[in-house]
Amino acid sequence: MKIAVLGTGAGARCHTTRLTELGHHITVGTRDPAATLARTEPDMMGTPPYRDFHTAHPGIPLHTFAGAAQSAEVVINGIDGAHAVTALTALPRAALAGKTLIDYTVPYVYQQPDQVERPWPTPWGVMPRLDPVDTNSLAEQIQRALPEAKVVKAFVTQEQETVTHPEQIAGGDHTMLIAGDHADAKQQATDLLTGYGWHDVIDLGPLAAARGMEMYAHLHTALGLALGTRFGVKIIR
């Protein structure tokens, strides 16, 4: 399958390499390929510059967001949540029309006022807040902005290394959640998850369920800090 992975961060790289291993044809999209390859410093999360990854994987093409999406059958959105809607709506409508758009981003707001009323301190600073939250979600914003696309919220309840290699946690015996308004798109997302090795995928229903999935990011962070390791969540029926 032809799949576009939009984004060059650590999570996007997990999907890029795993999907390539599984035999899919992957194209990576970035805002400005020349600028991306020119960077020599790690990103804000400490991920090495993409040029190192590109050198190690010369067979994986790097294009603009539009160039990657136009030739793809399925698009995976790993663009930073604060910029995702703007970046996606800037693409030609035909690049995403009728296609499954899997969104795993969290709408974190990293730039906060100096005086946060009730800050959540973490080892790396104040925990970013979520926007939108409660009565909206980033996934729904993307769907409203791109009505001809088929948005599925998925992959967001785990670190992307765990999403692409579920067997690393309890031999894969844990649960992945998805949500969306298009049954065929959710099936495509489920098929990719099955390819990754997931055995328990729960469909939460319409895309409004993405609100809970995105808000779960704070609980996931709290658990990760408490446990000091990656983990999975299993839904017991």
Shortest non-hydrogen contact between [X] and [Y], atoms and distance:
{"X": "L91", "Y": "A69", "value": "CD1-CB, 4.3 Å"}
{"X": "P206", "Y": "A179", "value": "O-CB, 3.6 Å"}
{"X": "P166", "Y": "G197", "value": "CG-C, 3.7 Å"}
{"X": "K99", "Y": "Q70", "value": "NZ-O, 3.1 Å"}
{"X": "Q158", "Y": "V233", "value": "NE2-N, 3.5 Å"}
{"X": "D200", "Y": "I235", "value": "OD2-O, 4.3 Å"}

Problem - ring-ring contact (aromatic ring centres under 6.0 Å, His included) partners of H218, counting only residues at least two apart - result: W120
Handout entry: Donor + acceptor pair across side chains of H220, Y216 (<3.5 Å)
Key =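 Side chains of H220 and Y216: pair found under 3.5 Å.
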Exercise for the section: Would you kindly say whether D191 and Q187 are connected by a side-chain donor-acceptor distance under 3.5 Å? Expected result: yes
Taking [X] for the side chain and [Y] for the main chain, is one N or O donor matched with an acceptor at less than 3.5 Å?
{"X": "Q143", "Y": "A149", "result": "yes"}
{"X": "H15", "Y": "T164", "result": "no"}
{"X": "Q168", "Y": "T162", "result": "no"}
{"X": "K153", "Y": "T105", "result": "yes"}
{"X": "W198", "Y": "T190", "result": "no"}
{"X": "Y104", "Y": "A12", "result": "yes"}
{"X": "T8", "Y": "Y50", "result": "no"}

For atom [atom1] of [X], is the number of surrounding heavy atoms from other residues, nucleotides or ligands below 6.0 Å larger than 12?
{"X": "R144", "atom1": "CZ", "result": "yes"}
{"X": "H83", "atom1": "NE2", "result": "no"}
{"X": "R118", "atom1": "CZ", "result": "no"}

Out of curiosity, [X] [atom1] to [Y] [atom2], how far, rounded to the nearest 0.5 Å?
{"X": "L6", "Y": "T64", "atom1": "CG", "atom2": "OG1", "value": "9.5 Å"}
{"X": "R31", "Y": "T86", "atom1": "CZ", "atom2": "OG1", "value": "8.5 Å"}
{"X": "L207", "Y": "K150", "atom1": "CG", "atom2": "NZ", "value": "14.0 Å"}
{"X": "H165", "Y": "E21", "atom1": "NE2", "atom2": "CD", "value": "5.5 Å"}
{"X": "K234", "Y": "M176", "atom1": "NZ", "atom2": "CE", "value": "13.0 Å"}
{"X": "T16", "Y": "H54", "atom1": "OG1", "atom2": "NE2", "value": "12.0 Å"}

For the hydrophobic clusters of this structure (ILVMFWY residues joined by side-chain heavy atoms under 4.5 Å, transitively), does one cluster hold both [X] and [Y]?
{"X": "Y110", "Y": "V126", "result": "no"}
{"X": "I169", "Y": "L219", "result": "no"}
{"X": "M127", "Y": "V133", "result": "yes"}
{"X": "V163", "Y": "V74", "result": "yes"}
{"X": "I26", "Y": "F65", "result": "no"}

Are side-chain heavy atoms of [X] and [Y] found at a separation under 4.5 Å?
{"X": "L19", "Y": "Y196", "answer": "yes"}
{"X": "T100", "Y": "I102", "answer": "yes"}
{"X": "L88", "Y": "V75", "answer": "no"}
{"X": "H57", "Y": "R13", "answer": "no"}
{"X": "L146", "Y": "V151", "answer": "no"}
{"X": "L138", "Y": "R211", "answer": "no"}

Practice task
Assess whether side chain to side chain contact (heavy atoms under 4.5 Å, CB included) is satisfied between Q160 and I76, documenting all intermediate values.
Solution key: CA-CA 12 Å; Q160 300 313 301; I76 297 175; over 6 Å; no
Practice task
Report the residue from V5, I142, L96 that forms a side chain to side chain contact (heavy atoms under 4.5 Å, CB included) with N77.
Solution key: I142
Problem - side chain to side chain contact (heavy atoms under 4.5 Å, CB included) between D80 and Y108, intermediate numbers included - result: CA-CA 8 Å; D80 174 67; Y108 281 140; 6.0 Å; no
Problem - Worked check of side chain to side chain contact (heavy atoms under 4.5 Å, CB included) between L177 and T175 - result: CA-CA 7 Å; L177 309 174; T175 305; 4.1 Å; yes
